[in-house]
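Beneath this line is the structure, given in structure tokens, with notes to follow.
Small disclaimer: the values here were computed from a predicted structure and weren't measured. The chains referred to below are lettered A, B, ... by the order of the sequence lines, with proteins before strands, and numbering in each begins at 1.
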Protein chains: 2
Amino acid sequence: MKRKITLKQIARELDVSISTVSKALRNSVEISDDTKQKVQAFAKLYNYRPNNIALSLKNRKTNTIGIIIPEIVHHFFSKVIRGVELVANTRGYNVIVGLSNESFSKEVINMEMLANGSIDGFILSISKETLQQQDYHHFNETMNQGMPIVMFDRVVSDINCDKVIVDDLDGSKKAVSKLVENGCKSIALITTKDYVSVGKLRTQGYMDALNDHKLIPKSELILKIDDSLDYEVHLDALENEIEQLFKANKNIDGVFAVNELYALSAMKVARKLGLDIPNDLQVIGFTDGVLSKHATPSLTTVSQHAQKMGEQAANLLIDKLEKGLNEDEEEHFNTIVINTELIERASTK
Amino acid sequence: MKRKITLKQIARELDVSISTVSKALRNSVEISDDTKQKVQAFAKLYNYRPNNIALSLKNRKTNTIGIIIPEIVHHFFSKVIRGVELVANTRGYNVIVGLSNESFSKEVINMEMLANGSIDGFILSISKETLQQQDYHHFNETMNQGMPIVMFDRVVSDINCDKVIVDDLDGSKKAVSKLVENGCKSIALITTKDYVSVGKLRTQGYMDALNDHKLIPKSELILKIDDSLDYEVHLDALENEIEQLFKANKNIDGVFAVNELYALSAMKVARKLGLDIPNDLQVIGFTDGVLSKHATPSLTTVSQHAQKMGEQAANLLIDKLEKGLNEDEEEHFNTIVINTELIERASTK
DNA sequence: TTTTAACACGAAAACGTTTTCGTGAGTACC
DNA sequence: GGTACTCACGAAAACGTTTTCGTGTTAAAA
């Protein structure tokens with residue numbers, strides 16, 4: 001087991017100075033062809049590679065970006081990571097992953113760990129707890145130290161940074177409009193509590209679509225789920241709430257759900273109540289997930305293009321990192337809006 | 001926008017030496033209480049944190065582990081990552097993620113990028129292409145340079161390193177036995193080509209279970225899918241193959257599939273052919289995925305405990321990293337076998 | 001008063017690079 | 001033969017730490 005070889009060892013071995021080795025390997029004109037050949041051959045033989053850590057220290061640049069997400073076992077987020085990784089890799093960066101697990105303190109700790117030199121910038125989506133507490137000091141502190149942040153999906157307007165978001169409002173409008181155009185008269189909305197910004201926007205889109213079609217939104221058709229409890233576990237509770245909704249409003253003929261699980265649960269409950277999808281009830285979800293595609297019937301959804309979001313976020317960040325920091329120049333922040341797409345499957349007519 | 005503060009700056013500001021600052025912050029007895037207080041107060045005020053990169057260089061230890069997986073948009077792998085992250089974080093490590101995308105060259109490049117000082121050790125699952133080519137030089141080279149590797153799930157016996165695997169054989173045996181005990185007489189197997197080790201083992205488990213129950217395996221009941229093409233895209237092709245299988249063997253009353261998608265496709269085809277699940281046909285899959293739980297009918301599966309695999313792998317790696325390398329002592333490699341668990345749902349009686 | 005010991009701190013090396021600057025040897029020119 | 005270059009290379013600094021080993025000052029002991 002031989003340790004990795006260093007410039008110093010090569011230098012000693014060939015009886016030249018470290019500087020000479022370094023220059024020879026970088027093909028400097030300062031070095032004679034003879035020496036270059038000798039050094040390069042030796043380096044190749046011993047499979048020399050510069051130590052990244054030393055380079056990072058010297059260059060004050062790690063070529064690594066940190067991504068912090070609330071949860072990794074989730075199609076949306078893992079697709080975003082894939083996008084980030086793809087771009088990062090082709091542009092010569094590595095990706096460090098941190099999970100906040102929807103917790104404020106874990107988010108803070110994770111960011112602090114990485115902000116101390118390990119990475120050049122952040123890509124992140126805010127945890128639910130942070131959104132609830134509205135405590136954003138860690139973001140601002142990080143940015144004040146000159147470390148750029150790109151937020152995606154879950155963002156807040158209070159913070160000035162680059163952002164990549166989905167056009168939640170328009171996506172929801174498209175979905176609900178589709179239901180209306182397909183003949184639905186009484187469309188239910190299954191959404192989350194308002195502190196999750198995307199939930200709020202999607203609710204707004206639902207409202208707007210109804211208004212556009214001269215339909216009057218009825219509060220009894222809107223079900224706001226408290227998703228602070230892990231709904232993967234409390235599936236029963238979720239289905240129960242939905243069942244109440246259906247039973248209290250027998251005329252429901254359309255459902256728009258702000259995520260995949262809510263939509264699937266709605267379909268499950270409907271089936272249980274003897275409703276036929278899509279004839280008695282049409283359902284649309286909002287998601288990029290895999291469940292929709294393989295559900296029975298397969299679920300019409302608003303696609304978020306998660307991977308594209310990741311790619312854009314990575315490009316935004318790396319562009320900023322490499323822009324060369326012309327001092328004093330007023331910093332400018334971008335917000336990229338990713339268009340949604342309605343993917344029609346079997347749960348709508 | 002102030003840069004992060006360093007020891008040098010604190011030293012200059014307080015008119016002491018760098019060494020004094022460093023020692024004061026680490027509460028050394030060499031430093032007077034007066035000075036300590038002064039330094040610590042100042043450091044706290046300016047929120048000083050040691051630079052990780054400098055520490056890594058000095059200590060020749062990055063406290064970062066690299067994880068290389070074939071694909072991140074996959075429940076199994078993202079659950080493993082979650083397990084790794086969990087353990088890594090509580091033990092003071094960060095996690096860098098690399099995706100091989102099932103490609104040999106990407107696997108090699110990714111490993112080389114990380115092996116040059118960025119991380120202390122690897123956790124990885126081998127890409128399909130690598131398994132096919134059986135070219136493992138990059139693993140051996142990495143280990144020769146003193147960087148430990150822990151492989152999980154997809155492993156090969158040719159390589160000497162720590163491993164965490166699922167008891168594929170036993171899991172399959174349990175599943176197929178269950179089908180037999182539930183009255184199935186003619187059990188089909190939907191598996192992959194043999195070069196994926198887990199596919200091979202699961203096939204073996206199927207055979208063993210049949211033999212145990214004095215049933216004779218029939219080759220026409222075994223469908224080996226070529227999964228080199230992305231089955232998420234070529235869903236039709238997959239379903240077609242399965243349909244042929246069913247049509248050629250009308251007596252099939254049980255299916256064991258080595259992954260979730262195959263199982264779901266089998267159910268879909270069966271439904272199309274008018275078979276009732278579980279009365280006419282019982283199906284069991286092998287997976288940790290989310291599809292099984294929400295499928296209709298929900299799918300009985302062999303659970304792999306992916307997160308636990310990640311945790312064990314991380315512990316194995318960190319243990320090795322921190323064991324202190326008593327020279328000459330013969331290195332010992334562990335293989336941890338994770339037990340599977342049969343989760344019974346609605347696709348079996 | 002001299003020796004010794006404790007105390008409080010600083011200088012410097014080390015981790016592995018890259019890069020700037022200096023310098024000795026050789027060559028060409030006048 | 002003296003001056004001016006070019007050529008080929010080395011020394012040293014810098015990135016930010018930690019740690020070992022001095023060292024000067026003061027107080028206690030002889």
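- Here the P atom of nucleotide dC9(D) and the CG atom of L25(A) are 13 Å apart, to the nearest Å.
- Within the 4.0 Å cut-off from OP1 or OP2 of dC9(C), at least one side-chain nitrogen or oxygen of S32(B) is found.
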For nucleotides 15-25 of chain C, list the nitrogen or oxygen atoms of the protein found under 3.5 Å from its nitrogen or oxygen atoms, one pair per line.
residue: dC15(C); atom: OP2; partner: K8(A); partner atom: NZ; Å: 2.8
residue: dC15(C); atom: O3'; partner: R60(B); partner atom: NE; Å: 3.4
residue: dC15(C); atom: O2; partner: K58(B); partner atom: N; Å: 3.4
residue: dT17(C); atom: OP1; partner: Y48(A); partner atom: OH; Å: 3.0
residue: dT17(C); atom: OP1; partner: N51(A); partner atom: N; Å: 3.3
residue: dT17(C); atom: OP2; partner: L7(A); partner atom: N; Å: 2.8
residue: dT17(C); atom: O5'; partner: Y48(A); partner atom: OH; Å: 2.9
residue: dT18(C); atom: OP1; partner: R26(A); partner atom: NE; Å: 3.4
residue: dT18(C); atom: OP2; partner: S22(A); partner atom: OG; Å: 2.8
residue: dT20(C); atom: O4; partner: K23(A); partner atom: NZ; Å: 3.2

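- Here K320(A) does not pair with D120(A) in a salt bridge; the nearest charged N to carboxylate O distance is not below 4.0 Å.
- At least one donor-acceptor pair under 3.5 Å links the side chain of Q40(B) to the backbone N or O of A24(B).
- Summarising the geometry, the separation between CG on D33(A) and P on dC7(D) is reported as 12 Å, rounded to the nearest angstrom.
- Here H332(B) pairs with N334(B) under the side-chain contact (heavy atoms from CB on, under 4.5 Å) rule; sequence neighbours left out.
- Under the 4.5 Å side-chain criterion, counting only non-hydrogen atoms from C-beta, P70(B) is in contact with S125(B).
- Salt bridge present: E102(A) and R154(A) bring a charged side-chain N and a carboxylate O closer than 4.0 Å.
- Whole-Å rounding puts the K36(B) NZ to dC9(C) P distance at 10 Å.
- As judged by a 4.0 angstrom heavy-atom cut-off over every strand, S56(A) is placed among residues making no nucleic acid contact.
- In this structure the side chain of L7(B) reaches within 4.5 angstrom of the side chain of L25(B), judged on heavy atoms.
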